[in-house]
Amino acid sequence: MNPDPATTLDSALRRFTSSHMELLTLAIEQSPFGIIIMDLEGRVEYCNQGFIDMSGFSQAEIVGVTPLPWNPDETTYAIYRNLLTSQNQTNRWNGDVPSRRKDGSEYWERQVASTLRDTDGKHTHLIVVKEDISDRKVRRADYAQTRHLHERALASSSNGIMITRSDEDDHSIVYVNPAFERITGYRAAEVIGQEGRFLVRDDLAQPELEHIRSALRGKHEGQATLRNYRKDGSLFWNELHIAPVRDLAGGATTHFVSVINDISERIRYQHALEYQANHDSLTGLANRNLLNDRIEQAIAWAKRNGHVIGVMLLDLDHFKLINDASGHSAGDALLKEVAHRLTGCVRETDTVARLGGDEFVIILTDLPQPDDVDQIAEKILTTLSRPTDVAGRDVFVTASIGVSLYPRDGDHGEILLRYADMAMYRVKEHGRNSVRQFMPEMGSSAISRLDMEAAMRRGLERGEFVLHYQPKIDLRTQGIVGAEALVRWQHPQIGLVHPIEFIRLAEETGLILPLGEWVLAEACRQQVLWQQQGAAPLKVAINMSARQFRQDELAERIAAVFKSTGADPTQFILELTESMVMHDVDSTLVSLRALKTLGVSLSLDDFGTGYSSLSYLRRFPIDELKIDRSFINDIHTNPDDAAIAGAIVAMARSLGLSVVAEGVEKKEQSDLLAALGCNQVQGYFYARPMTASAFADRLQQSLEKRP
Ligand code: C2E
Ligand code: MG
Ligand code: MG
């Protein structure tokens with residue numbers, strides 16, 4: 001509203017009475033607004049109490065002072081000047097202006113400025129009415145800012161955000177942000193109005209869902225990692241946080257905010273790590289880690305259900321030869337093929353693991369009959385015996401399998417593995433490509449493999465090894481004609497340790513060389529002693545290991561021992577196994593001939609378990625075959641075994657070899673062997689291996705018994 005030029009001082013005064021003047025003064029002085037009146041130079045002529053209160057300056061600091069102490073900015077000055085100088089009618093302005101109090105603090109004023117005119121209509125003054133609006137201004141600015149921030153945060157968040165209602169029976173979605181659309185593949189329009197849980201689809205068997213349900217029920221925060229599904233049906237892992245939103249009064253929960261974090265990548269990585277930690281990278285089979293878990297699980301399960309578990313330890317025969325001959329990638333291809341075939345031989349609930357190298361373990365859960373394990377092992381041997389195409393060539397591979405059973409042999413994974421390993425070692429020793437179950441006599445020991453090596457070294461230095469002797473009986477005369485020297489380790493803490501427990505390790509570590517040399521020297525010393533004590537001539541048999549046999553200048557070394565002990569080489573038999581001599585036949589022939597020239601006899605131990613060919617036997621200068629115990633076990637009950645033993649005896653005799661049967665535990669076995677034409681026997685039926693002095697006593701007795 002423009003001031004009417006007629007409203008001049010005169011006409012105004014005419015309308016005012018003196019009481020009006022008083023009222024006017026009070027009204028201006030007590031107005032809640034600050035009011036100042038400035039002259040044309042911009043100097044303040046009057047200020048009311050309201051402005052003194054608002055600004056903190058005293059009247060003296062305001063009136064007549066230039067520049068204005070509250071420092072209105074240049075723009076405000078320019079506006080004032082404009083109002084005062086321009087002569088148009090609209091000399092009024094309002095706006096928000098920053099100002100400063102006496103104490104230096106800043107605040108906002110909402111101002112209405114208008115000019116005063118004299119009777120001629122000329123501007124004489126400017127009156128400014130001010131209101132302190134800082135509070136309102138700040139609040140409004142904050143609110144806008146906060147709202148803006150929230151919107152930005154929601155929209156630019158990399159986490160999906162979903163807001164749902166939280167009514168009794170309405171949990172429908174009211175908002176989703178762009179990240180939600182990106183993660184789930186759903187557009188906002190497609191999901192708004194749907195129930196919040198639709199991302200789970202029908203994958204409801206997730207235990208963590210309950211965390212979310214209970215948070216929704218109890219109107220509190222909750223968290224869960226869930227399998228959710230995108231629009232295209234693909235799975236993603238959602239690390240979901242939900243929090244209630246309360247109404248403005250802070251009371252009832254009206255909504256829930258769900259923050260969706262797609263952690264599929266992390267889970268995939270975790271799974272990959274877990275897989276790596278639990279699987280063999282070459283074959284994809286379980287590794288030792290997972291194997292240990294699986295055995296313990298299988299045992300726990302079997303305990304509850306009274307099942308039998310089989311643990312098979314399988315080691316490929318002569319894998320090293322294939323690896324060396326055809327190269328590592330060929331070896332790897334073969335291992336993969338073996339892994340594949342093994343997996344095909346067992347059920348899905350069984351575990352096939354690779355321990356490294358050419359060693360595999362199979363856990364057979366829930367065997368209906370303990371004997372079923374033999375059938376499965378046979379199936380495995382047959383499957384493996386099929387040729388494998390490796391780099392365009394047919395490769396034949398066989399395996400040695402040792403078996404232990406829960407609960408028969410133990411109720412702990414570690415024990416079962418150890419026993420299966422012992423049984424497997426037996427197979428290796430006795431010709432490979434076959435299966436054996438663990439038998440308690442294979443022994444057990446309290447020493448771990450690692451401790452074993454150091455302990456064996458010390459044992460050798462401290463003279464902890466001893467030889468026991470098992471009599472060899474002539475079937476015609478029933479008299480003792482010889483002895484097999486069998487090494488034992490008299491361990492100071494554990495007691496007597498049998499060779500099954502340490503020979504393999506001695507082989508692997510090379511300790512077998514000093515040990516073998518000690519065995520030979522000790523047997524020579526003993527033999528010389530017996531002869532000096534007047535015993536009848538007695539042939540002592542000594543076992544040789546593969547590594548010993550391949551030792552450089554073997555014959556020279558042995559000759560040196562005979563020489564230093566004064567023993568007669570013709571009174572000794574060296575026992576070799578088929579597998580030792582069949583590998584690299586030409587160099588074997590050279591070694592065998594060199595040994596023969598010393599005067600010793602040569603025997604082929606564990607005969608029948610390996611793959612001797614008759615033509616080789618003919619070429620080798622050997623003197624004796626020892627039929628393996630496995631053929632003797634059932635010889636009196638199983639006609640097949642009897643036939644095999646009979647064939648071996650006949651063949652040996654046709655080659656002019658002497659035949660010894662080992663493992664004779666029963667009279668029937670001994671009688672049958674005699675009938676088949678076997679020359680000598682050795683076994684528990686006659687005598688167990690015994691100390692040298694016990695053997696001497698035994699010799700004495702048998703001499704006394706003779707007529
Ligand atoms: P091996 O040469 O076949 O020795 C025969 C094994 O059969 C011995 O086991 C003996 O105790 C056992 N035995 C003898 N009669 C019977 C019987 O009637 N029934 C049963 N069930 N078993 C019988 P031991 O002494 O435990 O020796 C195991 C293997 O350790 C030997 O098998 C041999 O391969 C190896 N070994 C033993 N001493 C030496 C050694 O000084 N040097 C080397 N390199 N190996 C040795
Ligand atoms: Mg032997
Ligand atoms: Mg033997």
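Atoms within a ligand are numbered from 1 in the order they appear, just like the ligands themselves. Every heavy atom of this structure was used, including side-chain atoms; hydrogens, water molecules and symmetry mates were not.
At a cut-off of 2.8 Å, Glu484 is counted among the residues with an N, O or S atom near the Mg ion (ligand 2). Checking Asn543 against the Mg ion (ligand 2), an N/O/S atom falls under the 2.8 Å cut-off. Between the Mg ion (ligand 2) and Asp606 there is no N/O/S contact shorter than 2.8 Å.
For atom 31 (C) of ligand 1, the candidate residues are Leu515, Asp606, Leu486; the nearest heavy-atom contact is made by Leu486. For atom 12 (C) of ligand 1, the nearest non-hydrogen atom from the set Arg629, Arg688, Arg547, Lys666 belongs to Arg629.
Looking at Glu464, its side chain never comes within 3.5 Å of a backbone N or O of Arg458 through a donor-acceptor pair.
For the pair Arg688 and Tyr684, the cation-pi test (distance below 6.0 Å, angle within 45°) is passed.
In terms of distance to the Mg ion (ligand 2), the nearest N, O or S atom of Asp605 is named OD2. The N, O or S atom of Glu575 with the smallest distance to the Mg ion (ligand 2) is OE1.
Proximity to Met544 (heavy-atom distance under 4.0 Å) selects the following atoms of ligand 1: 44 (N). Ligand-side atoms of ligand 1 in range of Gly683: 15 (N), 18 (O), range being under 4.0 angstrom from any heavy atom. Atom numbering of ligand 1 starts at 1 in the shown order; those under 4.0 Å from a heavy atom of Glu575 are 2 (O). Ligand 1 places these atoms under 4.0 Å from at least one heavy atom of Gln470: 14 (C), 15 (N). Residue Pro499 approaches ligand 1 through these ligand atoms, each under 4.0 Å from one of its heavy atoms: 24 (P), 25 (O), 26 (O), 27 (O), 28 (C), 30 (O), 37 (C). Residue-ligand proximity, Pro689 to ligand 1, at heavy-atom distances under 4.0 Å covers atoms 11 (O). Atom numbering of ligand 1 starts at 1 in the shown order; those under 4.0 Å from a heavy atom of Asp605 are 1 (P), 2 (O), 3 (O).
To the nearest 0.5 Å, atoms OG (Ser601) and CG (Leu595) are separated by 11.0 Å.
For His468, the heavy-atom gap to ligand 1 stays at 4.0 angstrom or more. The shell of residues lying under 4.0 angstrom from ligand 1, judged by heavy atoms, excludes Gly516. Between Arg488 and ligand 1 there is a heavy-atom distance shorter than 4.0 Å.
Under 4.0 Å from ligand 1, not a single heavy atom of Ile500 appears. With a heavy-atom cut-off of 4.0 Å, Ser545 touches ligand 1 through backbone and side chain alike.
Gln669 and Asn633 share no donor-acceptor pair across their side chains, judged by distance under 3.5 Å alone. In summary, the side chains of Gln680 and Lys626 do not present any donor paired with an acceptor at a separation below 3.5 Å, with no hydrogens or angles considered.
Between Val659 and Ile627, some side-chain heavy-atom pair lies under the 4.5 Å cut-off. Phe607 places none of its side-chain heavy atoms less than 4.5 Å from the side chain of Phe631.
The shortest N or O to N or O distance between Asn543 and ligand 1 is under 3.5 Å.
A salt bridge links Asp623 with Lys596: at least one charged nitrogen is closer than 4.0 Å to a carboxylate oxygen. Salt-bridge annotation for Lys666 and Asp671: absent, with no side-chain N of the basic residue lying under 4.0 Å from a carboxylate O of the acidic one.
In this structure, Tyr406 has its ring center no closer than 6.0 Å to that of Tyr419. In summary, the aromatic rings of Phe572 and Phe562 are positioned with their centroids under 6.0 Å apart.
For Asp586, the salt bridge (charged side-chain N to carboxylate O under 4.0 Å, His left out) criterion is met by Arg619, not counting sequence neighbours.
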